[in-house]
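Treat the numbers as computed from the prediction; the structure is a model and nothing was measured. Atoms within each ligand, like the ligands themselves, are counted from 1 in listed order.
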Amino acid sequence: MVISYPSTRMRRLRTEDFIQKLVRESELTCADLIQPVFVTEKDSMAEAIQSLPGIKRVNESFVLEKAEEIYSLGIPAIALFPVVEEKNKSKDGYSAWDAEGLIPRVVRAIRKHVPNLGIITDVALDPYTTHGQDGLIDDDGYVVNDETVTALVKQALCHAEAGAQIVAPSDMMDGRVGAIRDALESKGYPNTKILAYSAKYASSFFKPFRDAVGSLKTLSKANKRSYQMDPGNANEAIREVGLDLKEGADIVMIKPAMPYLDIVQRVKKEFEVPVFVYQVSGEYAMLVAAAQNDWLDRQAVVLETLISFKRAGADGILTYFSEEVAIWLKNKK
Ligand code: PBG
């Protein structure tokens, strides 16, 4: 028998708030959130970022306060991104694996002051190179894969040694997850987790981030299309994820988030592994700008985007809204 109207009334389960709560399929909690934080080598405590209203570049001492605040809000982890001074940038980005460099220093300090906060570090060379590419370049400006992987392994090891529990290669080189996994195993870091930016698209939504870390200027008119994915491709994302998992990734990430929810859903269905999404800087900027104009309700639209990530199959969410959302969730009955 086909059960149909009026024995089936879909609106019956929408009549009261209590029943909506009981039948809700996806839920968003503080435990889903990760706060990205920009750390600068400059002295100034906190510097505004024009295209990311409300987000600041914080210095080495202020980041500890930030980390404490994030932890006390119930957010499980922080993702660190460095803003490197011109004098520490080079063609081969060697300061990326300096054990006394900015990120290892900050990781050690956070581990000491906020020991239970998870730390995710970005493994890629773009903040450290004078050309703004994620890897090493040849004379034609082409990003060379295998030499870059060697550099990324050094960078990942240096983060693990400093105490980062999760290293996150965001560079999209081939074979880097396997190389990093081998190095972590052989150097005594078997429990360091790899969060692989497996399906990272060559997206125009990264622009405010590049403004924040300074790679907008160094990258100039160049692009990252020889390693980041073509936005037209979906099957390719499945291949990328499959390879990263085989090479030893613990968690895979899709980035950006909202324009790629089909990928999130397919990856979750196909592999049944932990999947994270990154609601990137351009997605943040877009929502904030509309809310500032009163064209959209900030809290309502932000929460709607985040629940859509959960519904699609995301486990963890990197978003610049994390702290704000954690406060909203705490105040919600
Ligand atoms: C670079 C990196 C980027 C982001 C995270 N890591 C930008 C890029 O690939 O140019 C973007 C994050 C965002 O836009 O919020 N390794």
Report summary line: Residues at least two apart in sequence or cross-chain that pass side-chain hydrogen bond (donor to acceptor under 3.5 Å, both in side chains) with Lys193, listed by chain then number, are none
Is the shortest distance from a heavy atom of [X] to ligand 1 less than 4.0 Å?
| X | value |
| --- | --- |
| Gln279 | no |
| Tyr284 | no |
| Glu283 | no |
| Lys255 | yes |

What is the nearest protein non-hydrogen atom to [atom], stated with its residue, atom name and distance?
| atom | answer |
| --- | --- |
| atom 2 (C) of ligand 1 | Lys200 NZ, 3.2 Å |
| atom 1 (C) of ligand 1 | Asp126 OD2, 2.9 Å |
| atom 16 (N) of ligand 1 | Ser170 OG, 2.8 Å |
| atom 8 (C) of ligand 1 | Lys224 NZ, 3.2 Å |
| atom 12 (C) of ligand 1 | Phe209 CD1, 3.3 Å |
| atom 14 (O) of ligand 1 | Ser281 OG, 2.7 Å |

Report task. Using the six-membered ring of Phe206, assess whether NZ or CZ of Lys224 lies under 6.0 Å from its centre and within 45 degrees of the ring axis. Result -> no
Query raised in the report: Quick one: does Asp134 get an N or O within less than 3.5 Å of an N or O on ligand 1?
Result: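 Indeed, backbone or side chain, Asp134 has an N or O that close.
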Query raised in the report: Atoms of ligand 1 less than 4.0 Å from Arg210 heavy atoms?
Result: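 Here the atoms of ligand 1 in question are 8 (C), 9 (O), 10 (O).
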Query raised in the report: Can you list the ligand 1 atoms lying under 4.0 Å from a non-hydrogen atom of Asp122?
Result: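 Every atom of ligand 1 under 4.0 Å from some heavy atom of Asp122: 6 (N), 16 (N).
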Query raised in the report: Quick one: do the Tyr278 and Tyr320 side chains pair a donor with an acceptor below 3.5 Å?
Result: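 Their side chains do contain a donor-acceptor pair, which is all the 3.5 Å distance test asks for.
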Query raised in the report: For Glu100, what residues pass the salt bridge (charged side-chain N to carboxylate O under 4.0 Å, His left out) criterion, not counting sequence neighbours?
Result: Arg108
Under-4.0 Å heavy-atom contact with ligand 1, by part of [X] that carries it:
| X | value |
| --- | --- |
| Val280 | both |
| Asp171 | neither |
| Ala124 | side chain |

Requested in this report: Indicate yes or no for a side-chain donor-acceptor contact from Ser72 to the backbone of Glu69 under 3.5 Å, with no hydrogens or angles considered.
Outcome: yes
**Report entry** Arg239 and Glu236 ion-paired at < 4.0 Å
**Finding:**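 Not counted as a salt bridge, because no side-chain N and carboxylate O are separated by less than 4.0 Å.
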Query raised in the report: Is the shortest side-chain N to carboxylate O distance from Arg105 to Asp98 below 4.0 Å?
Result: no
Requested in this report: With Arg176 as reference, evaluate Asp182, Asp171, Asp146 under the salt bridge (Lys or Arg N to Asp or Glu O under 4.0 Å) test and give the passing residue.
Outcome: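 One option only clears the test, and that one is Asp171.
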Requested in this report: Take Val114 and Leu64 through the test side chain to side chain contact (heavy atoms under 4.5 Å, CB included) and record every step on the way to the result.
Outcome: CA-CA 8 Å; Val114 199; Leu64 296 180; 5.7 Å; no
Report task. Would you check, one step at a time, whether the test side chain to side chain contact (heavy atoms under 4.5 Å, CB included) holds for Met172 with Asp134? Result -> CA-CA 9 Å; Met172 291 297 281; Asp134 290 19; over 6 Å; no
